[in-house]
Amino acid sequence: MDVEALARWYGRNARDLPWRRTTDPWAILLSEVLLQQTQVARGIEYWRRLLDRFPTVTSMAEAEVDEVMHLWQGAGYYARGRRLHALSVEVCAPGGPWGGDLPSPSTCDDVVAGFQSLPGIGPYTAAAVASIAHEVPAAVVDGNVRRVVARQTATLKPTAGDVTSLAQAWMDDAHGRNVPPSVWNQAVMELGATVCTPRAPRCSDCPVQQGCLARDHASGPTAFPAPAKRRVITERLVALVDVDAQGRPHLVQRPSEARFGGLWGPRYLDANDAAVVDECGRRTKAGDVVHLLSHRRLEVEVWAGQTEHGVDPANKAISTLDERVLHLAKGA
DNA sequence: AAAACGGGGCT
DNA sequence: AGCCCAGTTTT
């Protein structure tokens with residue numbers, strides 16, 4: 001791997017992303033959490049919203065988790081929002097180890113370990129924030145890096161250890177050639193995101209095509225890495241939507257450990273639940289909603305009824321599925 | 001090592 | 001219709 005060629009390429013081709021214009025560790029941490037399994041275009045929108053309301057870690061620690069979740073609404077993977085709030089509380093805890101400051105080289109012996117000890121921060125995010133905000137030479141391993149490693153080495157299913165070792169060897173090489181860790185990590189990810197893409201890699205534009213074993217491999221670059229098989233499970237549910245005279249639905253807050261944890265929505269029953277016959281008998285069917293997640297297909301029967309005390313859903317965090325369910329029930 | 005966790009965009 | 005996305009946590 002010609003690390004200097006890739007670093008030069010990044011200097012010329014880096015996308016102008018808003019978090020690349022700041023050195024504030026909190027803003028960078030927020031961007032990395034938002035970008036977990038989320039595409040950049042979507043991350044930008046939520047990054048601006050959250051940073052506008054919570055410009056510092058302290059400002060989030062002083063807020064209620066429900067306010068964070070309301071701003072998180074629609075972004076998915078809601079545990080991220082809940083854990084980010086927990087992180088802010090932990091960092092700002094009086095008498096705690098952090099005293100209101102995120103881990104940094106001046107306060108922390110091992111910055112990567114410091115970040116990874118916090119809620120919602122795993123190996124990727126810890127290395128990303130430490131390298132981008134503090135120039136710690138820790139290699140990040142995300143989906144882009146895995147793909148670049150698999151293709152450079154023409155390895156069908158590289159182990160996590162293989163990927164981490166090679167990524168760190170590249171980082172050490174780059175760091176030794178005075179390429180800043182912030183630049184190197186983002187250069188590898190940028191290559192994966194814009195050139196070494198999953199479906200249609202642009203090998204002729206690639207700054208590290210020499211030495212890429214997948215490029216001229218008989219099965220072609222897209223054979224690497226081998227696709228993982230995934231199965232989708234269908235789940236049948238019944239949503240019970242009761243509305244009051246003012247048209248406001250009865251909502252309950254989901255437990256934090258449940259799917260859509262911490263968000264509000266109507267009551268749900270498993271379609272096989274014995275209580276379904278009784279509950280649906282007292283309501284009218286409003287229709288069906290099919291909601292697709294990456295690993296689940298939710299088939300929801302929506303049954304509408306009446307209640308004395310609905311609530312105003314306007315200031316509550318509600319999942320995209322429940323937005324659709326409530327909208328359907330309103331028409332019934 | 002595998003499963004669970006959201007939602008949207010692209011081919 | 002299938003696959004992917006700047007992953008983390010739990011089992």
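Chain letters run A, B, ... following the sequence lines, proteins first, then strands; residues in each count from 1.
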Item to check | Working for side chain to side chain donor-acceptor pair (under 3.5 Å), residues A:Asn185 and A:Ser131 | outcome: CA-CA 8 Å; A:Asn185 271 340; A:Ser131 63; 2.9 Å; yes
Next on the checklist: Using side chain to side chain donor-acceptor pair (under 3.5 Å), reason through A:Arg20 and A:Gln186 one step at a time and then give a plain yes or no.
Outcome noted: CA-CA 10 Å; A:Arg20 288 180 175 164; A:Gln186 295 190 81; 3.0 Å; yes
Checklist entry - What do the steps show when you test A:Gln36 against A:Thr125 for side chain to side chain donor-acceptor pair (under 3.5 Å), and what is the final call? => result CA-CA 8 Å; A:Gln36 292 168 4; A:Thr125 310; 2.9 Å; yes
Item to check | Working for side chain to side chain donor-acceptor pair (under 3.5 Å), residues A:Ser104 and A:Ser106 | outcome: CA-CA 5 Å; A:Ser104 79; A:Ser106 58; 3.0 Å; yes
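A:Leu292 places its CG atom 9 Å from the P atom of C:dA1, with the value rounded to the nearest Å. Atom OH of A:Tyr124 and atom C1' of C:dT8 are 13 Å apart (whole Å). Here C:dT8 presents its P atom at 12 Å from CG of A:Leu35, a figure rounded to the nearest Å. Taking atom CG of A:Leu293 as the reference point, atom C1' of C:dG2 lies 15 Å away to the nearest angstrom. The interatomic distance linking A:Arg297 (CZ) with C:dG2 (C1') rounds to 14 Å, in whole Å. Rounded to an integer number of Å, the gap from A:Leu191 CG to C:dC5 P is 14 Å. In this entry the distance linking OH of A:Tyr77 with P of C:dT8 reads 12 Å, nearest Å. Nucleotide C:dC5 holds its P atom 21 Å from the CD atom of A:Glu45, rounded to whole Å.
Each of A:Thr159 and A:His295 lies near DNA chain B, and the nucleotide nearest A:Thr159 is the one positioned closer to the 5' end.
Annotation: A:His295, atom NE2; neighbour count of heavy atoms from other residues, nucleotides and ligands within 6.0 Å is above 12. Under a cut-off of 6.0 angstrom, the local environment of CD in A:Glu308 is sparse, with at most 12 non-hydrogen atoms contributed by other residues, nucleotides or ligands. Counting non-hydrogen atoms of neighbouring residues, nucleotides and ligands closer than 6.0 angstrom, the CZ atom of A:Arg236 reaches no more than 12 such neighbours.
In this structure, A:Arg177 pairs ionically with A:Asp173, as a charged nitrogen and a carboxylate oxygen lie closer than 4.0 Å. For A:Glu279 and A:Arg282, the salt-bridge test passes: some basic side-chain N is under 4.0 Å from an acidic carboxylate O. Salt-bridge annotation for A:Lys316 and A:Asp322: absent, with no side-chain N of the basic residue lying under 4.0 Å from a carboxylate O of the acidic one.
At the heavy-atom level, A:Thr197 lies nowhere under 4.0 Å from the strands shown. Counting any heavy atom pair closer than 4.0 Å across all strands shown, A:Ser294 reaches a base atom. Across all strands shown, A:Ser31 has no heavy atoms under 4.0 Å from either base or sugar-phosphate atoms. At a threshold of 4.0 angstrom between heavy atoms, the contacts of A:Leu17 include nucleobase atoms, whether or not backbone atoms are also involved. Contacts of A:Trp72 with the nucleic acid, taken as non-hydrogen atoms under 4.0 Å apart, are absent. A:Gly74 comes within 4.0 angstrom of sugar-phosphate atoms only, judged by non-hydrogen atoms across all strands, and of no base.
With C:dG7, C:dG2, C:dC5 as the choices, the nucleotide that has an atom nearest any side-chain atom of A:Arg199 turns out to be C:dG2. Between C:dA6, C:dC3, C:dC5, one nucleotide has an atom nearer to the side chain of A:Glu190 than all others, and that is C:dA6.
Contact footprint of chain A on DNA chain B: nucleotides with an atom under 4.0 Å from a non-hydrogen protein atom, first to last in 5' to 3' order, B:dA3 to B:dG9.
Remark: A:Gln37 is in phosphate contact with C:dG7, judged by side-chain N or O atoms under 4.0 Å from OP1 or OP2.
Taking the P atom of each, C:dA6 and B:dT11 are spaced 14 Å apart, rounded to whole Å. The separation of B:dG8 from C:dT9, taken at their P atoms, amounts to 24 Å, rounded to a whole angstrom. Spacing of P atoms, C:dC3 relative to B:dA3, comes out at 16 Å, to the nearest Å.
Between the CH2 atom of A:Trp264 and the CD1 atom of A:Ile318 there is a distance of 10.0 Å, given to the nearest 0.5 Å.
With hydrogens and angles left out, the side chain of A:Arg20 and the base of C:dA6 share a donor-acceptor pair within 3.5 Å.
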Review item, nucleotides 9-11 of chain C N/O atoms under 3.5 Å of protein N/O:
{"unit_1": "C:dT9", "atom_1": "OP1", "unit_2": "A:Gly120", "atom_2": "N", "d": "2.7"}

